[in-house]
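What follows is a single structure, written as structure tokens, with notes after it.
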Protein chains: 2
Amino acid sequence: MYAALDEKEDFLMTETYMTIREMCDAYDVTPRTLRFYEAKELLFPERRGTKRLFTRRDRARLKLILRGKRFGFSLEDIRQLLDLYDPDQQNLPQMQRAFELGKERLVDLEARRAELEAIITDLKANLDWGAKLLADAQKTAAE
Amino acid sequence: MYAALDEKEDFLMTETYMTIREMCDAYDVTPRTLRFYEAKELLFPERRGTKRLFTRRDRARLKLILRGKRFGFSLEDIRQLLDLYDPDQQNLPQMQRAFELGKERLVDLEARRAELEAIITDLKANLDWGAKLLADAQKTAAE
DNA sequence: ATGCAGACTTACGTTTACGTCAACGTAACG
DNA sequence: CGTTACGTTGACGTAAACGTAAGTCTGCAT
């Protein structure tokens with residue numbers, strides 16, 4: 001289960017559970033953020049008494065959340081997507097919705113990839129152009 | 001000038017100036033958004049009396065703004081980058097800052113490209129897996 | 001001349017994604 | 001047994017990116 005949520009460095013992670021502080025240090029987020037994500041039902045840490053215990057599943061989800069954010073997805077967008085990476089096999093209709101949604105996302109992401117490629121090419125060209133302009137300016141100033 | 005800001009379809013754009021409504025229709029934004037971008041010094045429409053007239057330069061900048069937003073950049077990030085795409089040759093220090101900033105962005109974008117590649121691969125794998133799960137579920141239900 | 005569609009300014013409202021106290025619980029340490 | 005460190009729940013605050021409503025102006029068609 002959660003095959004896609006696994007990561008290579010997980011073999012280092014001997015602890016099954018992590019406290020909120022360990023999570024913060026490991027993923028560079030604040031406690032507030034983790035509690036906020038829990039409130040928004042993006043994470044589901046267990047409890048020992050009143051304290052949160054973050055599982056492997058939570059860690060995997062958090063990685064995906066942070067990833068999504070870097071690409072401009074809203075938390076609500078991400079919440080939808082998480083259902084795909086972490087399906088509830090008891091709920092067929094939900095799985096199918098997640099599946100359809102995932103296919104749409106794939107199209108979207110591939111379009112983004114193309115656009116990103118264009119942006120990079122573009123930026124490179126502008127950097128070359130800028131370098132030339134700056135070089136000219138240097139020479140002019142030297143006279 | 002503004003070589004990188006040109007686009008292929010521009011030859012269709014006979015009008016040098018566009019009204020705010022034309023802009024809204026063309027780029028699917030609201031008037032509020034355009035005025036907001038002007039207030040934030042991302043766009044610099046000219047004025048006929050009190051009314052805004054958006055130039056080719058504004059249109060090129062707007063495209064870049066919308067692009068940047070799709071990739072999760074803040075408007076402030078974007079404002080900085082626009083200086084690179086639209087340099088002020090009277091201002092050497094600003095050009096150099098823009099140049100340095102642009103180089104950093106390039107590194108950033110190339111990292112994003114790699115991550116995006118990983119995300120796509122990942123999502124595809126999950127979709128295949130999901131397809132399998134759904135197929136199994138269908139069969140089970142058929143018995 | 002007038003009315004009305006659009007554009008303009010000003011200003012307050014809204015949503016997202018947290019930040020920042022305040023007040024309290026609890027567990028370990030000396 | 002006190003205090004120090006870390007964790008918890010509200011509750012209010014904030015920055016970014018606009019939305020929205022109110023009131024004004026303005027060009028032009030009737």
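In what follows, every chain begins at residue 1, and chains take the letters A, B, ... in the order their sequences are listed. Hydrogens, waters and symmetry mates play no part in the numbers below; they use all other heavy atoms, side chains included.
One can place CD of Glu38(B) at 15 Å from P of dA7(C), the figure rounded to the nearest angstrom. The distance between atom OH of Tyr27(A) and atom P of dC18(C), rounded to the nearest whole Å, is 17 Å. In this structure, Ile65(A) atom CD1 and dC18(C) atom C1' are separated by 14 Å, rounded to whole Å. Atom CZ of Arg21(B) is separated from atom C1' of dC8(C) by 14 Å (rounded to the nearest Å).
With Phe73(A) as the aromatic partner, Arg112(A) meets the cation-pi criteria of under 6.0 angstrom to the ring centre and within 45 degrees of the ring axis.
Taking every heavy atom of both residues into account, Tyr17(A) and Thr55(A) meet most closely at CE2-CG2, 3.6 Å.
Taking the side chain as every heavy atom from C-beta outward, Cys24(B) and Thr30(B) never approach each other to under 4.5 Å. A 4.5 Å side-chain heavy-atom check between Leu53(B) and Thr16(B) finds every atom pair outside the cut-off.
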Show each protein N/O and nucleotides 13-17 of chain C N/O combination with a separation under 3.5 Å, one pair to a line.
unit_1: dA17(C); atom_1: OP1; unit_2: Leu75(A); atom_2: N; d: 3.0

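Contacts between residues 41-51 of chain A and DNA chain C, counted as heavy-atom distances below 4.0 Å, involve no residue at all.
A salt bridge is defined here as a Lys NZ or Arg NE, NH1 or NH2 lying under 4.0 Å from an Asp or Glu carboxylate O, and Arg79(B) with Glu38(B) fails to meet this definition. Salt-bridge formation is not detected for the pair Arg97(B)/Glu100(B): no Lys NZ or Arg NE/NH1/NH2 atom is positioned less than 4.0 Å from an Asp or Glu carboxylate oxygen. By the 4.0 Å N-to-carboxylate-O rule, Lys132(B) lies too far from Asp128(B) to be salt-bridged with it. Between Glu115(B) and Arg67(A) there is a salt bridge, since at least one side-chain N of the basic residue sits less than 4.0 Å from a carboxylate O of the acidic one.
As judged by a 4.0 angstrom heavy-atom cut-off over every strand, Arg35(A) is placed among the base-contacting residues. Arg52(A) comes within 4.0 angstrom of the backbone, heavy atoms only, and of no base.
Although no hydrogens or angles enter the test, the distance criterion places a donor-acceptor pair under 3.5 Å between the side chain of Asp58(A) and the main chain of Phe44(A). Glu110(B) places no side-chain N or O within 3.5 Å of a backbone atom of Val107(B) that could act as its donor or acceptor partner. Side-chain atoms of Thr33(B) do not come within 3.5 Å of backbone N or O of Val29(B) as any donor-acceptor pair.
In summary, contact between chain A and DNA chain D, defined as any nucleotide atom under 4.0 Å from a heavy atom of the protein, begins and ends at dG7(D) to dT9(D) in the 5' to 3' direction.
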